[in-house]
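Input: a single structure, listed below in structure tokens.
In this text the structure is predicted, and so the values were computed from the model without any measurement. All heavy atoms count here, side chains included; hydrogens, waters and symmetry mates do not.
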Amino acid sequence: MEKEEKDIRINMNDEEETDDINAEDRPFIRRFGKIMLVLFISLLAGCYYIFVVELCIFTVQLLGAKITFLVIFHLLFLLCVWSYLRTVMTPPAVPPAKFRLSESDKQRYLSERKPEVLQEILVRMAKDLPISTKDSKGAFRYCATCQLLKPERCHHCPVCDICILKLDHHCVFLNNCVGFSNYKSFLLCVVYALLLCLFTSAVSLYGSILFWTHQLPNTQSKVPIIVLFSLSTFCCVMLLLLLYIHCHWAVDNITSREGESGTWNERYDLGLSKNLRQVFGDEKKYWFLPVFSSLGDGYTFPMTDATKDIEKNAAAVAKDITESQN
């Protein structure tokens, strides 16, 4: 009987995220995410050692060049690590308590079997909440796992098994979800990682050329420096593609989930300047620092004037129909 009730609740919402991950698989995926996190940090530490010790200290001979390379590298490295740690350690923002069913509604919802009654419970609750997004059937989006009404742009992460505000994606290299609370630091991490890789690639290429042209004798540093050049160049290409995709979405005020699923529309597109301020905030002095400065609360979002007019007209029409029926 519980199985039937669960099926009814889920089928009310055909926009509910398809959970392809079984409950038994979640611990494995989370452990895999931790392994990837450790591997990524180990790789970063290895590259740091090769650049600082093998390249700058043992290979570069000019003192001025050594100091310049080390200062620029450490500046980019610290900004990259700071942004990375902020993204990893910031908990995903979840819907506030007002989006959750009360105990009485929860008990009634769990015991009721008629879809129209279940939807009536959600409609009554949603009238006092800032919710306008519905599924293709016109039903409010309800998460049976978290037992809450989903706010605007909120989705359920099958790996973390919670609903997350303005969910962008779950990143295995972060072992965390990227959403409203840490999307800015994620973007900055990609930017600083790309700059770091570009600088590392250029300097390691310089060192490799010195070895290839026999301006330096072959030492044990030769192979690590060539490996560093190859690895940093490969990362440059990957990060450049990633940054291009996310810059395109940030400029249009789209999340990865909306862009890939095709569920996005122009209702949140406020123009280039306002779209960027939604992510980075109004104070430009904080734009390039991985501190939270995004605008809003994560469950209400400003919309274009055209969208507001359409919704006002739709509400007026609905009110007129209701009054005529009465």
dist Arg153:CZ -> Lys166:NZ (nearest 0.5 Å) comes out at 5.0 Å
Sequence neighbours excluded, the answer for side chain to side chain donor-acceptor pair (under 3.5 Å) partners of Ser185 is Thr87
Exercise for review: State, yes or no, whether a side-chain contact exists between Phe280 and Ser294 at a heavy-atom distance under 4.5 Å.
Suggested key: no
Would a 4.5 Å heavy-atom cut-off, applied to side chains only, mark Pro96 and Tyr299 as touching?
yes
Taken to the nearest 0.5 Å, the spacing of Cys146 SG from Arg100 CZ works out to 6.5 Å
Side chains of Glu152 and Tyr268: do they bring a donor and an acceptor to under 3.5 Å? yes
Nearest heavy-atom contact between Tyr84 and Leu174 is CE1-CD2, 3.4 Å
Heavy-atom neighbours of Met238 CE exceed 12 at 6.0 Å: yes
(Q) With a 4.5 Å cut-off on side-chain heavy atoms, are Leu187 and Val191 touching? (A) no
* Spell out, yes or no, whether Leu85 and Tyr286 are grouped together once hydrophobic residues are joined by side-chain heavy atoms under 4.5 Å, including indirect joins. => yes
Note, Pro91 side chain near Ser181 side chain (heavy atom, < 4.5 Å): no
Distance-only criterion, 3.5 Å: show the donor-acceptor pairs between side-chain atoms of residues 69-76 and protein atoms not counting sequence neighbours.
residue : atom : partner : partner atom : Å
His74   : ND1  : Leu70   : O            : 2.8
His74   : NE2  : Tyr48   : OH           : 2.7

For His170, the ring-ring contact (aromatic ring centres under 6.0 Å, His included) test, sequence neighbours excluded, returns none
Assigning hydrophobic clusters by single linkage (Ile, Leu, Val, Met, Phe, Trp, Tyr; side-chain heavy-atom cutoff under 4.5 Å), is Leu272 placed with Val279? yes
Check whether the side chains of Ser293 and Lys184 place a donor and an acceptor atom closer than 3.5 Å, and report yes or no.
-> yes
In this structure, OG1 of Thr145 is separated from NE2 of His156 (nearest 0.5 Å) by 4.5 Å
Residues Met125 and Lys98: closest non-hydrogen pair is CE-O, 3.4 Å
Discussion item. For a side chain to side chain contact (heavy atoms under 4.5 Å, CB included) check, start with the C-alpha distance between Trp249 and Ser256, then their side-chain angles and the critical distance, and finish with the verdict.
Written reply: CA-CA 7 Å; Trp249 284 336; Ser256 298; 3.1 Å; yes
Without placing hydrogens or testing angles, list every side-chain donor-acceptor pair under 3.5 Å for residues 52-61, not counting sequence neighbours.
residue : atom : partner : partner atom : Å
Glu54   : OE1  : Ser221  : OG           : 2.5
Glu54   : OE2  : Tyr49   : OH           : 3.1
Thr59   : OG1  : Glu54   : O            : 2.6

Residues Cys157 and Ile164: closest non-hydrogen pair is CB-CD1, 3.9 Å
- Message: Using the rule that Ile, Leu, Val, Met, Phe, Trp and Tyr join whenever any side-chain heavy atoms are under 4.5 Å apart, tell me whether Phe288 and Leu239 fall into a single cluster.
- Response: yes
Mind listing the side-chain donor-acceptor pairs of residues 28-47 below 3.5 Å, one per line with the distance, residues two or more places apart or on another chain?
residue : atom : partner : partner atom : Å
Arg30   : NE   : Val159  : O            : 3.1
Arg30   : NH2  : Val159  : O            : 2.9
Arg30   : NH2  : Cys160  : O            : 3.2
Ser42   : OG   : Val38   : O            : 2.8

By side chain to side chain donor-acceptor pair (under 3.5 Å), Thr219 pairs with (sequence neighbours left out) none
Between Asp168 and Thr255, is there a side-chain donor-acceptor contact under 3.5 Å, judged purely by atom types and distance? no
Residues at least two apart in sequence or cross-chain that pass side chain to side chain donor-acceptor pair (under 3.5 Å) with Thr300, listed by chain then number, are Asp297
Here the pair of heavy atoms bringing Asn182 nearest to Gly179 is OD1-N, 2.8 Å
When you group the ILVMFWY residues by side-chain heavy-atom contacts below 4.5 Å and let the links chain together, are Leu167 and Val94 in the same group? yes
Interatomic distance, CG@Leu240 vs SG@Cys197, rounded to 0.5 Å, equals 11.0 Å
Hits for side chain to side chain donor-acceptor pair (under 3.5 Å) against Arg277, two or more places apart or cross-chain, chain-then-number order -> Ser273, Asp282
**Asked** Between Asn275 and Asp269, do the side chains contain an N or O donor and an N or O acceptor separated by less than 3.5 Å?
**Response** yes
By ring-ring contact (aromatic ring centres under 6.0 Å, His included), Phe186 pairs with (sequence neighbours left out) His169, His246
Students should find that the hydrophobic cluster of Val223, defined by side-chain heavy atoms under 4.5 Å apart, otherwise consists of Val227
Q: Taking Asn176 for its side chain and Thr90 for its backbone only, find out whether a donor-acceptor pair lies under 3.5 Å.
A: yes
Determine, step by step, whether Ile226 and Trp212 satisfy the side chain to side chain contact (heavy atoms under 4.5 Å, CB included) criterion, reporting the C-alpha distance in whole Å, the side-chain angles of both residues, the deciding distance to 0.1 Å, and the verdict.
CA-CA 10 Å; Ile226 295 175; Trp212 291 334; 3.7 Å; yes
Between Trp287 and Gly281 the two heavy atoms that sit nearest each other are NE1-O, 2.9 Å
Check for me, please, whether Val251 and Leu242 land in the same ILVMFWY cluster - side-chain distances under 4.5 Å, paths through other members count.
yes
side-chain contact (heavy atoms from CB on, under 4.5 Å) filter on Pro95, not counting sequence neighbours, yields Phe99, Leu148, Pro151, Cys154, Cys163, Leu165
d(Phe199 CZ, Phe77 CZ) to nearest 0.5 Å is 13.5 Å
Of all heavy-atom pairs linking Leu243 and Leu194, the shortest is CD2-CD2, 3.6 Å
Contacts of Phe292 meeting ring-ring contact (aromatic ring centres under 6.0 Å, His included) (sequence neighbours excluded), chain-then-number -> Phe180
To the nearest 0.5 Å, atom CG of Leu205 lies from atom CG of Leu228 at 11.0 Å
